[in-house]
S.K.: 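Can you keep this structure in mind? I'll have questions shortly.
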Amino acid sequence: GAAMKIKSRQHSSDLLFILLLFASLVLVCILLIAMGCGVYENVLDSMNRNDDSRTVSAYLLQKVRQNQDLGAVSSGTLDGTDAIILNQNLDGKAYCTYLYCHDGKLCELFVRKDNTSLSVSSGTPVVSLDSMTVEDSSGDSLLVTFSVDGRKQKLRLRRLTAGGQP
C-alpha cells in the first residue's frame, strides 16, 4: 500500500510538471505571435506611408513632365493656397491646371485661364497629402515641400529654360 501511494504521488507530480511545462510553452507561443503581429503591423504601416509619399512624388513629376513647354510650369496661389500651375493652350484657348493641397488631399483643378471665380474646394482630390508649399528655386525649378502622414519631403521639379533644356 505505501509504495502504491508514493508512486501515485510521483505520477501526479510528473503530470503536474508536464502540464505546467505545456502551459508555459503555449504562453511563450502566444507572446511570440502577439509580438510578431505588432512588428508586421509596423512594417505594413511604414510601407503604406512610403507608398503614399512615392505616389505624390510620381504624380507631381508626371504632371510637370506632361507640361514641359517653355513657361508652362510656375508657382502661384489658388485662393491663398500654394499651388503648382501648369499652363497650356488647347484649340487657341489658354487653360491652366492647379495642383495644391486642400482638406488633407492633393487636388487638381483644370480651368480656363480667364476664369476668376476659382475656389480650392472646386478641385478633384487625387491622393492623401497633409501639406504642400511651392517656391521658385534658382529660376529653372520649383521646390515643393510636402508632408504625407507626418513625414516631410522635398521635391525639386525642373522646368524648361530659354535654351529648351529641362
S.K.: Would you confirm whether D130, through its side chain, and D149, through its main-chain N or O, come within 3.5 Å as a donor-acceptor pair?
M.R.: yes
S.K.: Looking only at heavy atoms, which two atoms of Q88 and T97 are closest? And how far apart?
M.R.: OE1-OG1, 3.8 Å
S.K.: Before giving the answer on side-chain contact (heavy atoms from CB on, under 4.5 Å), spell out for T124 and L109 the whole-Å C-alpha distance, their side-chain angles and the decisive distance to 0.1 Å.
M.R.: CA-CA 6 Å; T124 304; L109 179 61; over 6 Å; no
S.K.: Do Q153 and V148 have side chains that approach each other closer than 4.5 Å (heavy atoms only, starting at C-beta)?
M.R.: no
S.K.: Quick check: closest heavy atoms across V134 and S75, and the distance to 0.1 Å?
M.R.: CG1-CB, 3.5 Å
S.K.: Quick one: list whatever passes side-chain hydrogen bond (donor to acceptor under 3.5 Å, both in side chains) with K113, sequence neighbours left out.
M.R.: N87
S.K.: To the nearest 0.5 Å, how far apart are CG in L157 and CG in N67?
M.R.: 11.5 Å
S.K.: Please list, chain by chain and in numerical order, all residues satisfying side-chain hydrogen bond (donor to acceptor under 3.5 Å, both in side chains) with N115, sequence neighbours excluded.
M.R.: S117
S.K.: Is there a continuous path of hydrophobic side-chain contacts, each under 4.5 Å between heavy atoms, that joins V127 to V144?
M.R.: yes
S.K.: Is there a donor-acceptor pair closer than 3.5 Å between any side-chain N or O of S24 and the backbone N or O of L20?
M.R.: yes
S.K.: By the ring-ring contact (aromatic ring centres under 6.0 Å, His included) test, which pairs, at least two apart or in different chains, include something from residues 97-131?
M.R.: Y95-F110
S.K.: Say you draw a straight line from NZ of K105 to CG of L129; how long is it, rounded to the nearest 0.5 Å?
M.R.: 10.0 Å
S.K.: Drop me the distance from K154's NZ to S147's OG, to the nearest 0.5 angstrom.
M.R.: 12.0 Å
S.K.: Measure across C96 and I85 and return the closest heavy-atom pair with its distance rounded to 0.1 Å.
M.R.: CB-CG2, 4.0 Å
S.K.: Taking the side chain as everything from C-beta on, heavy atoms only, tell me whether V28 gets closer than 4.5 Å to I30.
M.R.: no
S.K.: So if you build clusters from Ile, Leu, Val, Met, Phe, Trp, Tyr with side-chain heavy-atom gaps below 4.5 Å, do L143 and L61 land together?
M.R.: no
S.K.: Decide yes or no on side-chain contact (heavy atoms from CB on, under 4.5 Å) for C37 and I33, but give the supporting numbers first.
M.R.: CA-CA 6 Å; C37 287; I33 290 170; 4.3 Å; yes
S.K.: Please report the interatomic distance CG(L99) to CG(L142), rounded to the nearest 0.5 Å.
M.R.: 10.5 Å
S.K.: According to a hydrophobic-cluster definition based on side-chain heavy atoms being under 4.5 Å apart (Ile, Leu, Val, Met, Phe, Trp, Tyr only), do V111 and V120 belong together?
M.R.: yes
S.K.: Just so I know, are the side chains of L90 and K93 near enough to count as touching, which here means a heavy-atom distance under 4.5 Å?
M.R.: no
S.K.: Distance from S131 atom OG to F146 atom CZ, nearest 0.5 Å?
M.R.: 9.5 Å
S.K.: What's the spacing between R65 CZ and Q62 CD if we round to 0.5 Å?
M.R.: 7.0 Å
S.K.: Between the main-chain N or O of T77 and the side-chain N or O of D82, is there a donor-acceptor pair closer than 3.5 Å?
M.R.: no
S.K.: Would you please test D14 and L16 for side-chain contact (heavy atoms from CB on, under 4.5 Å) and show each step?
M.R.: CA-CA 5 Å; D14 286 349; L16 184 62; over 6 Å; no
S.K.: Is there a path of hydrophobic side-chain contacts, each under 4.5 Å between heavy atoms of I/L/V/M/F/W/Y residues, joining M132 to V73?
M.R.: yes
S.K.: Which is it for D79 and L118 under the side-chain contact (heavy atoms from CB on, under 4.5 Å) test, yes or no, and what are the steps along the way?
M.R.: CA-CA 7 Å; D79 233 4; L118 302 178; over 6 Å; no
